[in-house]
Amino acid sequence: MNKILEKKQLSNEVFRMKVHAPLIAEERKPGQFVIVQLDSDFGERIPLTIADANTAEGTITLIFQTVGKTTHNLADLNPGDAIQNLLGPLGRPTHIEKFGTVVCVGGGIGVAPLHPIAEGMKKAGNKMIIIMGARNKELLIMEDLMGKIADELIICTDDGSYGRKCLVTEPLKEICERVPKPDMAVAIGPPIMMKFCAQTTKPYNVPTVVSLNTIMIDGTGMCGGCRVTVGGKTKFVCVDGPEFDGHQVDFDNMMKRLGAYKNLEDKAHEKCHLEESMVKAKK
Amino acid sequence: MSHKDKEQLAGEANELMSKILSTGKQLSPKERLAIPAQEMPSQDPDKRRGNMSEVALGYTPEQTRLEAMRCLKCKTAPCIEGCPVRIDIPGFVSAAAEGNFQKSIDIIKKNSLLPAVCGRVCPQEVQCQLNCTVGKSLKSVDKAVSIGRIERFVADLERKSDKQETPAIKPQTGKKVAVIGSGPASITVAADVRREGHAVTMFEAFHKPGGVMMYGIPEFRLPKAIVEKEINTLKSMGVEIKTSFVVGRTRKLRDLIDKDGFDAVFIGTGAGLPKFMNIEGENLVGVYSANEFLTRVNLMRAYDRENADTPVAYSRKVVVLGGGNVAMDAARSAVRLGAQDVHLVYRRTEVEMPARIEEVRHAKEEGVIFHILENAKRILGDEKGHVKAMECLRYELGAPDDSGRRRPVEIRGSEFTMEVDTVIVAIGNDSNPLIKQTTPEMVTTKWGNIIVDENGKTSVDRVYAGGDIVLGAATVILAMGQGRTAAASINKLLAS
Ligand SMILES: Cc1cc2nc3c(=O)[nH]c(=O)nc-3n(C[C@H](O)[C@H](O)[C@H](O)COP(=O)(O)OP(=O)(O)OC[C@H]3O[C@@H](n4cnc5c(N)ncnc54)[C@H](O)[C@@H]3O)c2cc1C
Ligand code: FES
């Protein structure tokens with residue numbers, strides 16, 4: 001049982017929660033994640049990246065978007081409530097060192113896991129260029145925090161409601177064309193965004209790390225449900241990842257596997273919304 | 001074979017039993033051999049295809065006594081040789097024959113901690129029952145005394161009676177032991193070490209303890225209530241169980257000793273790394289490892305589609321690759337989830353199948369279609385990346401290999417395709433590398449199995465290991481046996 005200490009809604013669908021988890025806070029490093037389960041009998045187990053941690057307080061911070069049943073129910077919990085099962089920190093930490101110039105690309109909720117990595121890269125002495133993208137201004141999160149880290153901050157929205165009206169790949173390409181080109185790229189966001197970021201940097205030979213968020217069950221390498229194809233080989237995201245060489249990942253296969261239960265999940269999610277509106281109607 | 005229901009079998013047994021008792025004489029060996037082997041009452045195959053409840057229903061008291069009376073009480077007791085934990089089999093069987101069931105279970109419990117589990121899942125036909133003189137005289141292992149079923153009956157009787165007492169615990173010693181994992185090896189260590197008065201903390205990565213008995217072996221073969229009861233016994237003994245705790249990540253093994261002050265550690269982390277075939281199409285949607293499929297169905301309860309959040313595909317045509325218990329469990333679970341056709345594809349022949357004979361028989365009764373001497377070559381997908389078919393090859397048995405088994409050789413040009421929408425790979429497990437990765441000084445084999453000496457001790461000071469992490473994917477009883485050995489060594493270490 002892990003007590004929720006704080007909750008803040010960052011945007012329509014995005015929440016931030018501070019959770020009591022002293023052991024995880026002590027061990028975790030940038031790039032790692034936890035598995036959350038809200039009900040031991042019937043709940044599903046979902047991976048969420050650790051956005052931040054505070055060892056003195058013994059807390060970790062989770063930032064999540066309500067995309068399915070579990071994230072929806074999690075958002076309904078309040079400070080004082082507890083998360084029944086929280087397992088972590090899982091996955092291999094990000095490889096952080098001084099590369100020179102690092103360009104970080106965060107799409108939507110991907111900015112949350114990107115933040116500790118960017119922070120680590122900055123501390124290691126890298127020059128930081130940060131590109132943040134979202135569908136619109138309302139969905140943009142953590143601009144202030146990223147602004148503090150960035151030597152150069154570029155914001156894009158799909159609809160032009162804030163920053164540049166373009167996709168993140170546009171400024172990414174421009175940056176790759178600079179002389180000297182960046183030494184390293186990190187892209188975290190929806191799979192389709194990571195796929196195109198990797199495609200963008202490839203011709204310029206800029207090493208590109210992506211962080212994959214696949215379906216998981218145990219998170220310890222036992223089931224293989226999280227597997228992806230990287231460089232023609234099968235890898236388990238929970239133990240071999242979550243970060244991989246973006247130029248090697250078979251994103252198309254990954255996206256298909258992510259959609260394996262789409263129909264069933266949509267139904268469950270729809271049910272959540274339905275129940276919610278029924279409760280509201282009753283009130 | 002027509003299905004005999006429980007009442008019918010009980011009736012036949014009662015009749016025979018009163019006949020034997022009315023004579024009031026000791027049975028001669030010839031008369032013992034003449035008692036028919038007692039059939040295990042089971043759920044009708046047509047009904048059980050649609051439910052998750054246990055298939056084998058257990059003997060009646062009369063069946064148990066009759067089956068036990070078949071034992072010839074050989075002086076040499078070859079059955080004991082076949083038992084990995086050397087239970088006094090003639091002893092408990094003759095107590096059962098007399099109807100002294102309490103004495104019978106007490107004898108078993110001297111050597112085995114999990115009789116209700118082992119009575120159900122041990123591969124008796126290659127252990128105790130393989131050596132049984134009755135089986136040999138009647139020229140079939142099938143006709144051996146059903147030692148496992150007798151064990152199961154006396155264990156269940158005690159379990160259900162609530163007479164089971166919490167084992168006595170010696171006064172606190174102030175020493176503490178960490179047990180990693182919560183499968184049969186770890187449960188045994190926790191109990192044996194705790195009895196000596198040492199504090200025990202058990203760490204389990206999953207949200208529920210029990211290991212494979214909880215997440216792998218399905219309810220219809222091993223009811224979860226039995227495993228839960230064993231766990232509750234540990235709790236009542238004062239064993240602290242920390243779930244959602246993965247050693248190597250939440251805390252390093254070294255830190256358990258150096259920072260947290262554990263005086264000894266036992267590693268019982270199992271063989272949890274699924275093997276794949278490394279063939280084309282293996283990452284298509286609809287291809288599962290047996291571990292994933294069974295975990296979804298059992299631990300995450302995906303079979304309860306109404307209540308469970310974890311989904312499992314609505315499969316119509318399923319193929320399972322493999323011939324072990326895991327493959328049978330996966331195939332039979334797929335039947336229960338409502339698949340139209342469930343195929344099982346195995347490279348060798350039925351004789352070589354490592355699964356328990358009873359599981360193979362049950363699978364066939366439930367309509368699983370067996371394909372022997374065949375193997376997958378590649379899996380084909382549709383435009384959405386879903387499995388649509390599997391290409392197979394036929395095999396024949398060639399010359400014997402090092403293990404003495406005839407090696408299957410592919411028949412060139414024998415390719416054919418099966419239309420399927422789900423493929424479950426059940427070809428075995430390697431050991432989970434997490435502890436090894438985070439404890440570099442630990443010596444393992446090249447397959448990652450931890451190497452221990454005859455006392456169960458690893459290369460690291462104060463650290464012991466046992467079960468599948470040492471043996472590779474093995475059995476519950478062997479895991480328990482290794483747990484016993486390691487616990488004895490830990491108790492000795494802490495006594496000095
Ligand atoms: C589907 C299936 C069917 C089977 N059928 C039979 C059968 O009929 N008869 C039979 O005798 N055997 C059978 N077996 C094999 C038997 O279950 C195993 O041999 C036995 O369970 C091994 O016990 P164990 O104690 O070594 O570990 P396991 O039962 O494997 O338990 C290990 C536990 O450790 C946990 N763990 C792993 N790493 C860590 C970590 N770093 N930190 C914390 N916890 C960790 C795991 O989550 C797991 O719960 C079957 C196995 C499977 C998968
Ligand atoms: S989530 Fe099961 S192996 Fe990665």
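All of these numbers come straight from a predicted model, not from anything done at the bench. Throughout, a chain's letter reflects where its sequence line sits, starting with A, and its residues are numbered from 1.
- Within the model, atoms CZ of B:R249 and CZ of A:R92 stand 7.0 Å from one another, a figure rounded to the nearest 0.5 Å.
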Item checked: A:R227/B:N283 under side-chain hydrogen bond (donor to acceptor under 3.5 Å, both in side chains): CA gap, chis, key distance, verdict -> CA-CA 7 Å; A:R227 68 194 189 280; B:N283 291 348; 2.9 Å; yes
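- Of the two parts of B:N278, neither the backbone nor the side chain holds a non-hydrogen atom closer than 4.5 Å to a non-hydrogen atom of chain A.
- Put simply, the side chain of B:F206 reaches to within 4.5 Å of the side chain of A:R45, judged on heavy atoms.
- Classified by interplanar angle (parallel below 30°, tilted 30° to 60°, perpendicular above 60°), the ring pair B:Y288/A:Y261 is tilted.
- When heavy atoms are compared at a cutoff of 4.5 Å, A:D41 approaches chain B by way of both its backbone and its side chain.
- Proximity to chain A is limited to the side chain of B:K208, based on heavy atoms less than 4.5 angstrom apart.
- There is no side-chain donor-acceptor pair under 3.5 Å between B:T295 and A:D218.
- Residues A:F42 and B:T310 form no side-chain contact, since every pair of their non-hydrogen atoms from C-beta on lies 4.5 Å or further apart.
- Here the CG atom belonging to B:L273 is positioned 10.5 Å from the SG atom belonging to A:C223, to the nearest 0.5 angstrom.
- Counting heavy-atom pairs closer than 4.5 Å to chain B, the top-ranked of the candidates A:I46, A:I24, A:N253 is A:N253.
- Residue B:E292 comes nearest to A:I217 through the heavy atom pair CG-CD1, 3.8 Å, listed as atom of the first residue, atom of the second, then distance.
- Between B:R251 and A:E27 there is a side-chain heavy-atom pair separated by less than 4.5 Å.
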Note to self: Pair B:F245, A:L23 - check side-chain contact (heavy atoms from CB on, under 4.5 Å), show working.
What the structure shows: CA-CA 10 Å; B:F245 194 115; A:L23 288 175; 3.5 Å; yes
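- Put simply, of B:N429, B:D255, B:V287, B:V425, the one with the most heavy-atom pairs under 4.5 Å next to chain A is B:V287.
- Side chain of B:S289 to backbone of A:G224: no donor-acceptor contact under 3.5 angstrom is found.
- Heavy atoms closer than 4.5 Å to chain A are found in the side chain of B:Y215, but not in its backbone.
- With a 4.5 angstrom heavy-atom cutoff, A:Q84 does not touch chain B via any of its atoms.
- Atom OG1 in A:T229 sits 9.0 Å away from atom CG in B:L284 (nearest 0.5 Å).
- The shortest non-hydrogen separation linking B:T250 to A:G88 is OG1-O, 2.9 Å.
- For the atom pair OG (B:S244) and CD1 (A:I83), the distance works out to 11.0 Å, reported to the nearest 0.5 Å.
- Here the shortest heavy-atom pairing between B:A205 and A:T220 reads CB-CG2, 4.1 Å.
- If you measure heavy-atom distances from B:L294 to chain A, you find no contacts under 4.5 Å at all.
- Side-chain atoms of B:M300 and A:Q37, non-hydrogen and from C-beta on, do get closer than 4.5 Å to each other.
- Looking only at heavy-atom pairs under 4.5 Å with chain B, the residue among A:G225, A:A21, A:P89 that has the most is A:P89.
- Considering only heavy-atom pairs separated by less than 4.5 Å from chain A, the leading option among B:D309, B:N291, B:N307 is B:D309.
- Using a 4.5 Å cut-off on side-chain heavy atoms (C-beta onward), B:E282 and A:T234 make no contact.
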